Amino acid sequence: MAEASGVNVGSGCEEKGPEGLSLEPVPPGTTISRVKLLDTMVDTFLQKLIAAGSYQRFTDCYKRFYQLQPEMTQRIYDKFITQLQTSIREEISEIKAEGNLEAVLNALDTIVEEGKDHKEPAWRPSGIPEKDLQRAMVPYFLQQRDALQRRVQKQEAENRQLADAVLAGRRQVEELQLQGQARQQAWQALHGEQKELVAVLREAE
């Protein structure tokens, strides 16, 4: 862990913006707050997630539907990506709020900054660092465990809804295919009847 109010940035490093573009270079020795680093990590995660779920891969998974309805496939994909980003950001905001992470990280930055010039050993309530750390961290971990359990339950419910939506979409695609086949067969039958009628009329002449 860097001994500063954030994380020291070495020479030549550049800060990445939300879209992965390089912003102005950060001067050597400059510190970045842990809150900002967390937000940057979230942005980077979303970039990689969207890159992994490209439109090409999406259409490969639903190739038949894409062939039948390419424009609707594009709209579904765009809406899915937008909702996915929004959902992830909302969930991360909930985690930050439940754990009061911004205040905790800012307090950690302050503590580290204030402790840079302290030469004497840090004060401990019991004098045993292991016990003091355990006493301070166990309630936090229990709180995080409860929060994660709630998130898992929520995600499982959303996954079930998504699975149902996918099944419904597949049924719609199958119905469209059956309708297309029925229309093709009807057209072929009509075309055959027309040929027969033309042949009969010619014979009658």
Side-chain angles (χ1 to χ4, degrees), residues 16-23 35-99 101-102 141-205:
K16 298 294 183 179
E19 299 301 328
L21 301 176
S22 296
L23 301 179
V35 172
K36 188 172 183 180
L37 284 176
L38 177 60
D39 292 338
T40 302
M41 289 172 60
V42 172
D43 291 334
T44 302
F45 167 75
L46 288 175
Q47 293 170 28
K48 293 183 178 180
L49 180 64
I50 294 172
S54 65
Y55 181 65
Q56 181 62 47
R57 292 184 178 180
F58 185 82
T59 56
D60 288 343
C61 292
Y62 300 96
K63 188 173 296 182
R64 292 183 179 178
F65 184 75
Y66 169 70
Q67 292 172 349
L68 292 171
Q69 299 286 345
E71 295 181 358
M72 183 177 293
T73 304
Q74 179 70 58
R75 290 197 297 269
I76 291 174
Y77 173 78
D78 292 341
K79 186 174 181 181
F80 170 74
I81 290 297
T82 300
Q83 291 181 344
L84 180 63
Q85 292 184 39
T86 301
S87 176
I88 291 175
R89 290 187 184 279
E90 287 177 351
E91 291 178 1
I92 291 176
S93 297
E94 289 178 6
I95 293 176
K96 291 167 67 175
E98 289 178 358
L101 289 185
E102 290 194 7
F141 285 136
L142 290 176
Q143 181 185 17
Q144 292 303 306
R145 183 197 64 183
D146 294 340
L148 287 174
Q149 287 177 345
R150 291 193 297 270
R151 287 171 53 75
V152 168
Q153 293 172 354
K154 179 180 177 182
Q155 189 62 50
E156 288 176 346
E158 291 178 353
N159 288 343
R160 287 192 294 269
Q161 293 177 354
L162 181 59
D164 292 340
V166 170
L167 290 175
R170 288 179 178 174
R171 293 192 192 98
Q172 291 179 354
V173 171
E174 292 174 355
E175 290 175 0
L176 287 173
Q177 290 176 340
L178 292 174
Q179 291 175 5
Q181 292 173 357
R183 290 175 181 174
Q184 183 180 7
Q185 293 172 357
W187 182 86
Q188 290 174 347
L190 179 61
H191 186 62
E193 292 176 356
Q194 289 176 342
K195 283 186 176 181
E196 292 178 0
L197 180 59
V198 170
V200 170
L201 291 174
R202 285 179 178 175
E203 291 176 358
E205 292 176 354

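On a predicted model such as this, the values are computed, not experimentally measured, just so you know. Note: hydrogens, waters and symmetry copies are ignored here, and every other heavy atom, side chains too, is used.
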- So, do L46 and R89 sit near enough that their side-chain heavy atoms are less than 4.5 Å apart? yes

- Task: I would like to know whether E94 and R150 meet side chain to side chain contact (heavy atoms under 4.5 Å, CB included); could you show each step before the answer?
- Result: CA-CA 11 Å; E94 289 178 6; R150 291 193 297 270; over 6 Å; no

- Query: Out of curiosity, E174 CD to R170 CZ, how far, rounded to the nearest 0.5 Å?
  - Reply: 9.0 Å

- Message: Using side chain to side chain contact (heavy atoms under 4.5 Å, CB included), reason through I92 and M41 one step at a time and then give a plain yes or no.
- Response: CA-CA 11 Å; I92 291 176; M41 289 172 60; over 6 Å; no

- Task: Anything under 30° is parallel, anything over 60° is perpendicular, the rest tilted; go ahead and classify Y66 against Y55.
- Result: perpendicular

- Message: How long is the straight-line distance from CG of D39 back to CG of D43, given to the nearest 0.5 Å?
- Response: 7.0 Å

- Message: The test is side chain to side chain contact (heavy atoms under 4.5 Å, CB included); show your working for I50 and Q85 and say whether it passes.
- Response: CA-CA 9 Å; I50 294 172; Q85 292 184 39; 2.8 Å; yes

- Message: Strictly distance-based, threshold 3.5 Å: is any side-chain N or O of S87 a donor or acceptor partner for the main-chain N or O of Q83?
- Response: no

- Task: Report the C-alpha distance between D60 and Q56 in whole Å, list the side-chain angles of each, state the deciding distance to 0.1 Å, and finish with yes or no for side-chain hydrogen bond (donor to acceptor under 3.5 Å, both in side chains).
- Result: CA-CA 6 Å; D60 288 343; Q56 181 62 47; 3.1 Å; yes

- Pairwise distance CD1(I81) to CG(L49) - rounded to 0.5 angstrom: 7.0 Å

- Taking all non-hydrogen atoms of both residues, which atom of R57 and which atom of A52 are closest, and how far apart? NH1-O, 2.8 Å

- Query: Can you tell me how far CG of L176 sits from CD of Q69, rounded to the nearest 0.5 angstrom?
  - Reply: 6.5 Å

- Task: Quick one: list whatever passes side chain to side chain donor-acceptor pair (under 3.5 Å) with R151, sequence neighbours left out.
- Result: E91

- Message: Can you tell me how far apart CG (L190) and CZ (R183) are? Round to the nearest 0.5 Å.
- Response: 14.5 Å

- Task: Please say whether more than 12 non-hydrogen atoms of neighbouring residues, nucleotides or ligands are located less than 6.0 Å from CD in E71.
- Result: no

- Below 4.5 Å, heavy atoms only, C-beta onward: do F65 and Q172 meet side chain to side chain? no

- Task: Report the C-alpha separation of T73 and F58 in whole Å, then their side-chain angles, then the decisive distance to 0.1 Å, and conclude whether the side chain to side chain contact (heavy atoms under 4.5 Å, CB included) test is met.
- Result: CA-CA 9 Å; T73 304; F58 185 82; 3.8 Å; yes

- Message: Could you check whether any side-chain heavy atom of E102 comes within less than 4.5 Å of a side-chain heavy atom of L38, counting everything from C-beta outward?
- Response: no

- Task: Would you give the length of the straight line joining atom CG of L148 to atom CZ of F141, rounded to the nearest 0.5 angstrom?
- Result: 11.0 Å

- Pairwise side-chain contact, V173 with Y62, heavy-atom cut-off 4.5 Å (strictly under): no

